[in-house]
Peer 1: 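First the structure, then my questions, so here it is.
Proteins come first, then strands; the chains are lettered A, B, ... in the order of their sequence lines, and each starts at number 1.
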Protein chains: 2
Amino acid sequence: MSNRIAAYQDLVVSAEEAAKHVNNGDRVGISGFTGAGYPKALPTAIAEKAKAAHAKGEEFKIDVFSGASTAPDCDGVLAEAEAIRFRTPYNSDPKLREQFNDGTTLYQDIHLSHSGQQVEEGFYGEFHVAIIEAVRILEDGNIIPSSAVGNNLEYIDAADKIIIEVNSWQSEDLQGMHDIYRIEKLPNRQPIPITKPGDRVGTEYIEIPQEKVVAVVETNAPDRNAPFKEPDEVSEKIAANFIEFLEGEVAAGRLDYDKFIMQSGVGNVPNAVMAGLLDSKFENIQAYTEVIQDGMLDLIDAGKMTMASATSFALSPEYADKMNDQADYYAKHIILRPQQVSNHPEVIRRVGLISSNGMIEGDIYGNINSTNVGGSRIMNGTGGSGDFTRNAYISTFVSPSIAKDGAISAIVPFVSHTDHTEHDTMVIITEYGVADLRGLAPKERVEKVISVAHPDYRPLLEEYFERAKENKFIHTPHDLKTAFDFQINFAEKGDMRG
Amino acid sequence: MSNRIAAYQDLVVSAEEAAKHVNNGDRVGISGFTGAGYPKALPTAIAEKAKAAHAKGEEFKIDVFSGASTAPDCDGVLAEAEAIRFRTPYNSDPKLREQFNDGTTLYQDIHLSHSGQQVEEGFYGEFHVAIIEAVRILEDGNIIPSSAVGNNLEYIDAADKIIIEVNSWQSEDLQGMHDIYRIEKLPNRQPIPITKPGDRVGTEYIEIPQEKVVAVVETNAPDRNAPFKEPDEVSEKIAANFIEFLEGEVAAGRLDYDKFIMQSGVGNVPNAVMAGLLDSKFENIQAYTEVIQDGMLDLIDAGKMTMASATSFALSPEYADKMNDQADYYAKHIILRPQQVSNHPEVIRRVGLISSNGMIEGDIYGNINSTNVGGSRIMNGTGGSGDFTRNAYISTFVSPSIAKDGAISAIVPFVSHTDHTEHDTMVIITEYGVADLRGLAPKERVEKVISVAHPDYRPLLEEYFERAKENKFIHTPHDLKTAFDFQINFAEKGDMRG
């Protein structure tokens, strides 16, 4: 038995054995966030159980609650086995996404700072099982979580039974990187005493109610860890525009070179931004964000980033190895928090960060669709983008101006789904420039937004705006009859230009 | 001279004289929130100045920043004189609204908790004049604000020149009711030390930089104070449904009879809710909200409400008189705070309130339009509804199911403007019942939302949903070609039913 298991030794069983605790109809809360820290063995064992039940004509589906997305060996195998009835709060698994969109599986896409609270408050009813990945189990029965904290606290609290997976692939030196602060429940909540990304206010372990632990499973398997892609030319242009925007804020006296606190979504553009920051005048960069990405480790290595606070990793395999090798070093510069804390409106607004998230489409007034293509087809989910956008000092959305070789424009007349409203969007950045919408009435924003659209689409957007201004009421000019023409063209003809 | 003016006596002038400090092109920050506490004399004097300039063919327009809405003798006279170029963050004046909608005046509709911060951070540029109503000027030159605190702190800080209106209509006993807490500026923000609606954490006065004061004007004029309307039958049914919902939360163990903290928009329905609460089992009711309404004074008088925290009054003339007579009594149960504090996401989320706001329309998935009729015609603005909805323990929207004798349905297939997203709306209540959307995937919400629509519209909404489900992708089923048929019908035929 692994020497990482200092308690519950008599509960160590195989994944198959542990899966006996998971039954049809159960609400199951699992660890994991953006492909890190999810259980590696139980999902497959539950999937096998579901398949066996289905083969016998029996029902077997569970409701799965996580921190955010997981991986093929978690959501993927469960989806393949048709074992999920309902999923929340976030997903990026392609197979499961297909089931949301064909109507076989239910998905509630919810702000990541809200999901744990709503579980605590009993909005979903009883929870049956929590399955939590750990780096180790301490002698007192408490655990050191692994590469994501997510909603572990809430699921452990809510569940009747707890299954712990101890993953020896995860570095033991992650111990000390976590800061587990428990937000008190209503009506006794107190201020969260974090004023800077680097403040540590909790414990390094998660307290476990010992009587609930029913099984411990040993694993040795890597996190999902999507391969790193070199930024392409478009991403580099967007990144350059983003950094130019920051420079403008410094010039305007609204930002100092050593006071930039970033939040960043995951992907190519953010990695390009971080590469750009390496060569910038910014120093003492801090992050108060959801996930630690490759580019942040580079910034830390270069001495450019002093502190990054998040709830999980989203690293390439190469950088995951680097983290596992040097976790004790990175623990001086990285804090992993529960996602209620990493994404909490209170702390986000207090620290004053500049948020930066991707989008599916944004409209000429600054409304943003982050989730549903054509209004109906879910991609991943809103994730933490709302938590950060809504409470940021400056909120930005970054996106290539087109997708699918120009068949899709990121700038449209009317978004087909709204995840962020015109009241919340301050800046939209594409490879064509920066549309700074701060302090502007809707009509004043249009020219700026169109200026960052792809040149192919600018005349179409201008035509729409001209037509919209024929409306009797022109506070927010729209022509509802043609507002969705871009999206309808794409659905019918495969190209927004029709 | 009024004995309320203990400093700056040599600066006391007429409104006309004081208006000389306000010039064409100025950014002017004024006190006032929902018709309370706005300057009573300067707006007319500025309007006269504008009219005189216009008569001579000269330009005269200013940018007006307030707390929220004001009154005919403020926004109204300025609009009449065509003296406003740009207005933010909220308005309910009909004349000014007309100018937003005909395109002659610019309006930025923004969350009320965000506006002060964005002024502080310099997003709008320089501020020239602050015009602030006070109950009195203290010997040290500081002031006791009147019936609204709003964004006074931010405008006083930002402006080059300060004009104080001392209004002897306002009760001197308002002194002691305010709690002026100054949120520190970035990057030095600390937790706001409020954990309960009744916590006092600031001063009773607003500090005034004496060197900026250029004029003091004496006034004696009432706040706007819209007359109270007896709740109609529909409002009473909605209120009964709301209270039944609360009872259900108690039964489910998610609320106690003595732990209800309310936030409430202004209007008939909220007043009916408060009347209903008078006869309910709820005790020790508290409010953490924007405005103090008639119904709250009744609840306080009855011993049902122990504490109400807000940033302003919105009282009927009768209740305004009552407040002026007994301000010292009500000061034990009412706190008026700066609107950054009354509407702050940090405090709202911490105290755990149940929000309740009106809407123009909501769609079958729970997206809410609070602002733009038909997507283009601004009514008032989003106000604080987003601040509260987004951070509430439970968010509710309350509305009659129809308007204009049935020509308008409050429930539509697709909202023509989104102020609150499907991720944020938990409960929709009409006279037909309660649609509790918590924990549900989009598709699961539809039946519940349609069940609270007016019976005339239910078949039309069901037809839409059936058509929408023919989409290839049905996470959030939509048929974009007919999504706005309700709104287009209304624009063309005067009835959403076509």
Side-chain angles (χ1 to χ4, degrees), chain A residues 86 100-103 106-111 118 121-124 186-187 189-193 195 252-254 259 345-346 349-350 352 367 372 374-378 382 386 390-391 393 416-419 421 423 438-441 443-444 471 473-478 480-481 483-484 487-488, chain B residues 86 100-103 106-111 118 121-124 186-187 189-193 195 252-254 259 345-346 349-350 352 367 372 374-378 382 386 390-391 393 416-419 421 423 438-441 443-444 471 473-478 480-481 483-484 487-488:
Chain A
F86 174 91
F100 300 157
N101 284 315
D102 71 16
L106 295 168
Y107 175 47
Q108 188 203 17
D109 172 18
I110 186 174
H111 303 295
Q118 296 192 16
E121 297 300 342
F123 289 3
Y124 298 95
L186 288 173
R189 288 204 191 130
Q190 299 299 314
I192 301 172
T195 61
R254 292 188 291 257
K259 294 279 189 302
E346 169 176 342
R349 180 143 166 172
R350 184 181 301 143
N367 299 286
N372 283 259
S376 295
R377 182 186 191 177
I378 186 78
T382 197
R390 187 53 184 277
N391 298 293
Y393 162 45
S416 57
H417 187 274
T418 305
D419 298 286
T421 76
H423 314 294
R438 289 176 293 176
L440 300 181
K443 274 191 297 292
E444 297 177 286
N471 194 317
F473 305 103
I474 54 170
H475 170 63
T476 317
H478 268 306
L480 293 184
K481 282 189 174 169
F484 289 140
Q487 292 93 343
I488 292 169
Chain B
F86 173 91
F100 300 157
N101 283 315
D102 71 16
L106 296 167
Y107 175 46
Q108 189 204 17
D109 172 17
I110 187 174
H111 303 295
Q118 296 191 16
E121 297 300 342
F123 290 3
Y124 297 95
L186 287 173
R189 288 205 191 129
Q190 298 298 315
I192 301 172
T195 62
R254 292 188 289 258
K259 295 277 189 301
E346 169 176 340
R349 179 142 167 173
R350 185 181 300 144
N367 300 286
N372 282 261
S376 295
R377 182 185 190 178
I378 188 77
T382 198
R390 186 54 184 275
N391 298 293
Y393 161 44
S416 57
H417 188 273
T418 304
D419 298 287
T421 75
H423 314 294
R438 289 175 292 175
L440 300 181
K443 274 191 296 290
E444 297 178 285
N471 193 316
F473 304 104
I474 54 170
H475 170 64
T476 317
H478 268 305
L480 292 184
K481 282 189 173 169
F484 289 140
Q487 292 93 342
I488 292 168

Peer 1: Taking every non-hydrogen pair under 4.5 Å, which of His417(B), Lys259(B), Arg438(B) racks up the most with chain A?
Peer 2: Arg438(B)
Peer 1: Which heavy-atom pair separates Ala441(B) from Tyr107(A) by the least distance, and what is that distance?
Peer 2: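 Closest approach of Ala441(B) to Tyr107(A), heavy atoms only: CB-O, 3.3 Å.
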Peer 1: Checking heavy atoms, do the side chain of Gln118(B), its backbone, both or neither come under 4.5 Å from chain A?
Peer 2: side chain
Peer 1: For each of Leu440(B), Asn391(B), Ile192(B), tally heavy-atom pairs with chain A at distances under 4.5 Å, and name the one with the top tally.
Peer 2: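 If we count pairs closer than 4.5 Å to chain A, Leu440(B) comes out on top.
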Peer 1: Which residue out of Lys481(B), Arg189(B), Gln190(B), His475(B) racks up the most heavy-atom pairs below 4.5 Å with chain A?
Peer 2: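 Sorted descending by pairs with chain A, the first entry is His475(B).
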Peer 1: How many angstroms lie between atom NE2 of His478(A) and atom CG of Asn372(B), to the nearest 0.5 angstrom?
Peer 2: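 Reported value, rounded in 0.5 Å steps: 8.0 Å.
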Peer 1: For Thr421(A) and Thr418(B), which heavy atoms make the closest approach, and how far apart are they?
Peer 2: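 Heavy-atom minimum between the residues: CG2-O, 3.3 Å.
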Peer 1: State which residues pass ring pair (Phe, Tyr, Trp, His ring centres under 6.0 Å) with Phe473(B); sequence neighbours excluded, sorted by chain then number.
Peer 2: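 For Phe473(B) there are no ring pair (Phe, Tyr, Trp, His ring centres under 6.0 Å) partners, ignoring immediate neighbours.
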Peer 1: Return yes when atom CZ of Arg349(B) has more than 12 non-hydrogen atoms of other residues, nucleotides or ligands closer than 6.0 Å, and no otherwise.
Peer 2: yes
Peer 1: Sort out for me which of Ile110(A), Asp102(A), Ile488(A) touches chain B most, counting heavy-atom pairs under 4.5 Å.
Peer 2: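 Heavy-atom pair counts peak at Ile488(A).
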Peer 1: Which heavy atom in Arg350(B) sits nearest to a heavy atom in Pro191(A), and how many Å separate them?
Peer 2: NH2-CA, 3.3 Å
Peer 1: When only pairs under 4.5 Å are counted, which of Gly253(B), Ala483(B), Pro345(B), Pro477(B) shares the most heavy-atom pairs with chain A?
Peer 2: Pro345(B)
Peer 1: Would you say the side chain of Ile474(A) lies within less than 4.5 Å of the side chain of Ser376(B), judging by non-hydrogen atoms?
Peer 2: no
Peer 1: Closest approach of Phe484(B) and Phe484(A), non-hydrogen atoms and distance?
Peer 2: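 The pair with the smallest heavy-atom distance is CE1-CE1, 3.3 Å.
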Peer 1: What part of Tyr393(B) gets closer than 4.5 Å to chain A, counting heavy atoms only: side chain, backbone, both or neither?
Peer 2: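 It is both, since atoms from each part get that close.
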Peer 1: For chain A, which of Leu106(B), Leu480(B), Asn471(B) has the most heavy-atom pairs under 4.5 Å?
Peer 2: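 Most heavy-atom pairs within the cutoff with chain A belong to Leu480(B).
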Peer 1: Would you mind telling me which of Asn367(A), Ile378(A), Thr476(A) has the largest number of heavy-atom pairs within less than 4.5 Å of chain B?
Peer 2: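 Most heavy-atom pairs under 4.5 Å with chain B: Thr476(A).
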Peer 1: For Gly122(B), is there any backbone N or O sitting under 3.5 Å from a side-chain donor or acceptor partner on Arg254(A)?
Peer 2: yes
Peer 1: Given side chains that start at C-beta, do those of Gln108(B) and Glu444(A) come closer than 4.5 Å, heavy atoms only?
Peer 2: no
Peer 1: Sequence neighbours left out, what passes ring pair (Phe, Tyr, Trp, His ring centres under 6.0 Å) with His111(B)? Give chain and number order.
Peer 2: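 His111(B): ring pair (Phe, Tyr, Trp, His ring centres under 6.0 Å) contacts with His423(A), His114(B).
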Peer 1: Work out which heavy atom in Lys443(A) is nearest to a heavy atom in Phe100(B); give both atom names and the distance.
Peer 2: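 So the two residues come closest at NZ-O, 4.0 Å.
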